[in-house]
Amino acid sequence: EGADAAILCDGVAALKPEAWQALAPGRTHTVLNLHLAPPSEFTQDTEAVHDGKQVIALLQERVGSEHLHTLDAHGLAMQHQGDAILSNMVMLGHAWQRGAIPVSADALEQAITLNGVAVDANLRAFRLGRLSAWRPDALQETLHAAGNDDLAAETLGEILARHRKALEAYQDSAYAQRHVQTITRLSSAERRVFPDRPPRLAIAAARSLYRLMAIKDEYEVARLYTDGRFRRQLEEQFEGPFTLSYHMAPPLLARKDPHTGRPRKITLGPWLEPVMRILAQGRRVRGTPFDVFGWQRERRMERQVLREFEALLADICEQLTADNHATALALAELPGMLRGFGPVKEANLQRYNTEMARLRPVFEKGRRVPTVLRRAHS
């Protein structure tokens, strides 16, 4: 069709000057991944959002609607292959099927094979992308047949089982049981009030309590990097020897930016991995007097918030009624506000405390909170 090229991109990257200038009106085919991933500024502004519809409108105006092809490549890769990194290969297959890649499918598959990295997974992802352009209805039929069309319908029991397993790895079985017992009591209180309704309050509280109990502190970051899964993913996705560098802002080592006051990340070499293996074993002292990281202001704040939230859930168990259930649900969702690290988290804590101070008296008085005042913090 005389296209100059096919641009495979996410919406935010497509609007950057270097990508925007490459889009020739009426000539360039653009395959757009609809998945909205958190942008880099999300680390400093946890409320940062991007308007996906506006991005699509801008691209349609630039290249023309007939040259803009959209799909949720991230969702397809996760649903059908369980690995979001394959979304780029899904997009390549989609672009080829749309006639935007002037190379034969055999040549592309041969290149994938010769590359020698996760060959089977990449070939399946490429063909999945082709199918998403040719027969998207067939993909939906496959999902329905597999029973995966409603991944969000997780029961409270399934949530608690997943949280128990994760918290046992995070700390120990006693820590995990603390979570399960708290939510089980709350679930019983909710059933007394609404015996025939889904346990929305218990589910919201379970997710919020888990968020507060499984913070990504130094021990947890070290465990996630060294428990073997991260290394296996690297070996599956990259061939040959490689060297790792870690960009972190460790306490006592990272200097503060003189303009923002935020810790600056520093680059640490491969020597950090054995250090993290040792650090990961130190999670047993988390929260004890021997926890050297626990004396940081942020860690003390996190423990205080956890204690206060557990006390709140205990009060809800005792005082829950049909009239204050909606307010209790709003309170249970509040920890979703506590995102980010360092100064970002501190700023969100102020908002959290303000909302807590506003809603707590409403709950205790047993009044209903208007629906418009509830916010989706989870």
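Quantities reported herein were computed from a predicted structural model and do not represent experimental measurements. Throughout, residue positions are numbered sequentially from 1 according to the sequence presented.
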What is the distance from atom [atom1] of [X] to atom [atom2] of [Y], rounded to the nearest 0.5 Å?
| X | Y | atom1 | atom2 | value |
| --- | --- | --- | --- | --- |
| Arg360 | Asn353 | CZ | CG | 12.0 Å |
| Lys216 | Arg211 | NZ | CZ | 9.5 Å |
| Asp323 | Lys365 | CG | NZ | 14.5 Å |
| Arg98 | Thr30 | CZ | OG1 | 12.5 Å |
| Met276 | Glu218 | CE | CD | 12.5 Å |
| Ile183 | Ile159 | CD1 | CD1 | 9.5 Å |

ask   = Considering residues at least two apart in sequence or located in another chain, which fulfil the ring pair (Phe, Tyr, Trp, His ring centres under 6.0 Å) criterion with Tyr210?
value =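 Scan of Tyr210 (ring pair (Phe, Tyr, Trp, His ring centres under 6.0 Å), adjacent residues dropped) gives His163.
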Closest contact, heavy atoms only, [X] versus [Y]:
| X | Y | answer |
| --- | --- | --- |
| Ala328 | Leu320 | CB-CD1, 3.9 Å |
| Arg164 | Val180 | NH2-CG1, 3.6 Å |
| Gln319 | Asn324 | O-ND2, 3.0 Å |
| Tyr175 | Met213 | OH-O, 2.7 Å |
| Arg223 | Tyr170 | NE-CA, 4.2 Å |
| Met356 | Pro361 | O-CD, 4.3 Å |

Any salt bridge linking [X] with [Y]? Criterion: basic side-chain nitrogen under 4.0 Å from a carboxylate oxygen.
| X | Y | answer |
| --- | --- | --- |
| Arg351 | Glu355 | no |
| Arg299 | Asp217 | no |
| Arg307 | Glu310 | no |
| Arg162 | Glu158 | no |

With the side chain counted from C-beta on, respond yes when [X] and [Y] share a heavy-atom pair under 4.5 Å apart, and no when they do not.
| X | Y | result |
| --- | --- | --- |
| Met248 | Val221 | yes |
| Thr226 | Leu279 | no |
| Glu220 | Ile215 | no |
| Gln171 | Arg286 | yes |
| Leu201 | His325 | yes |
| Leu86 | Met78 | no |
| Gln177 | Glu168 | no |
| Leu76 | Leu71 | yes |

task = Start with the C-alpha distance between Arg178 and Thr182, add both sets of side-chain angles, then the distance that settles side chain to side chain donor-acceptor pair (under 3.5 Å), and finish with yes or no.
result = CA-CA 6 Å; Arg178 173 175 153 189; Thr182 299; over 6 Å; no
I'd like to know if the side chain of [X] pairs up with that of [Y] as donor and acceptor (distance under 3.5 Å, no hydrogens or angles considered).
| X | Y | result |
| --- | --- | --- |
| Ser87 | His74 | no |
| Thr288 | Asp291 | no |
| Gln350 | Glu346 | no |

inquiry  = Checking Val31 against Leu68 for the side-chain contact (heavy atoms from CB on, under 4.5 Å) test, could you report, in this order, the C-alpha distance in whole Å, the side-chain angles of both residues, the deciding distance, and whether it holds?
reply    = CA-CA 6 Å; Val31 179; Leu68 177 62; over 6 Å; no
inquiry  = Considering only residues two or more places apart or on different chains, which pairs with a residue in residues 106-124 satisfy salt bridge (charged side-chain N to carboxylate O under 4.0 Å, His left out)?
reply    =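 Listed by first then second residue: Glu109-Arg127.
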request  = Identify the residue among Glu190, Arg192, Arg185 that makes a side chain to side chain contact (heavy atoms under 4.5 Å, CB included) with Ser188.
outcome  =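 Among the candidates, only Arg192 passes.
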task = Test side-chain contact (heavy atoms from CB on, under 4.5 Å) on Leu359 and Leu334 and set out the steps.
result = CA-CA 10 Å; Leu359 291 173; Leu334 282 182; 4.3 Å; yes
task = Under the side-chain contact (heavy atoms from CB on, under 4.5 Å) rule, what do Leu312 and Phe363 come out as? Steps first, then yes or no, please.
result = CA-CA 11 Å; Leu312 169 67; Phe363 170 79; 5.6 Å; no
query = Taking everything shown except Arg197 itself, do over 12 heavy atoms lie less than 6.0 Å from its CZ?
reply =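 Not more than 12 within 6.0 Å, no.
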For the backbone of [Y] and the side chain of [X], can you confirm whether one donor and one acceptor N or O come within less than 3.5 Å of each other?
| X | Y | answer |
| --- | --- | --- |
| Arg130 | Gly93 | no |
| Ser208 | Ala205 | no |
| Gln281 | Ile278 | no |
| Trp96 | Leu108 | no |
| Asn33 | Ala73 | yes |

Do [X] and [Y] share a hydrophobic cluster (ILVMFWY, side-chain heavy atoms under 4.5 Å, transitive)?
| X | Y | result |
| --- | --- | --- |
| Leu224 | Leu272 | no |
| Ile203 | Val193 | yes |
| Val285 | Leu306 | no |
| Leu212 | Leu186 | yes |
| Phe194 | Leu313 | yes |

Stepwise salt bridge (Lys or Arg N to Asp or Glu O under 4.0 Å) test for Arg283 and Asp172 = CA-CA 9 Å; Arg283 69 182 185 276; Asp172 53 36; over 6 Å; no
task = Find out whether the Lys NZ or Arg CZ of Arg284 is both under 6.0 angstrom from the six-membered ring centre of Phe290 and within 45° of the ring's axis.
result =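 So Arg284 doesn't make the cation-pi contact.
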task = Walk me through it: do Val119 and Asn115 pass the test side-chain contact (heavy atoms from CB on, under 4.5 Å)?
result = CA-CA 8 Å; Val119 174; Asn115 188 45; over 6 Å; no
query = Taking the six-membered ring for Trp, are the ring centroids of Tyr246 and Tyr225 within less than 6.0 Å of each other?
reply =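 For Tyr246 and Tyr225, the ring centres are under 6.0 Å apart.
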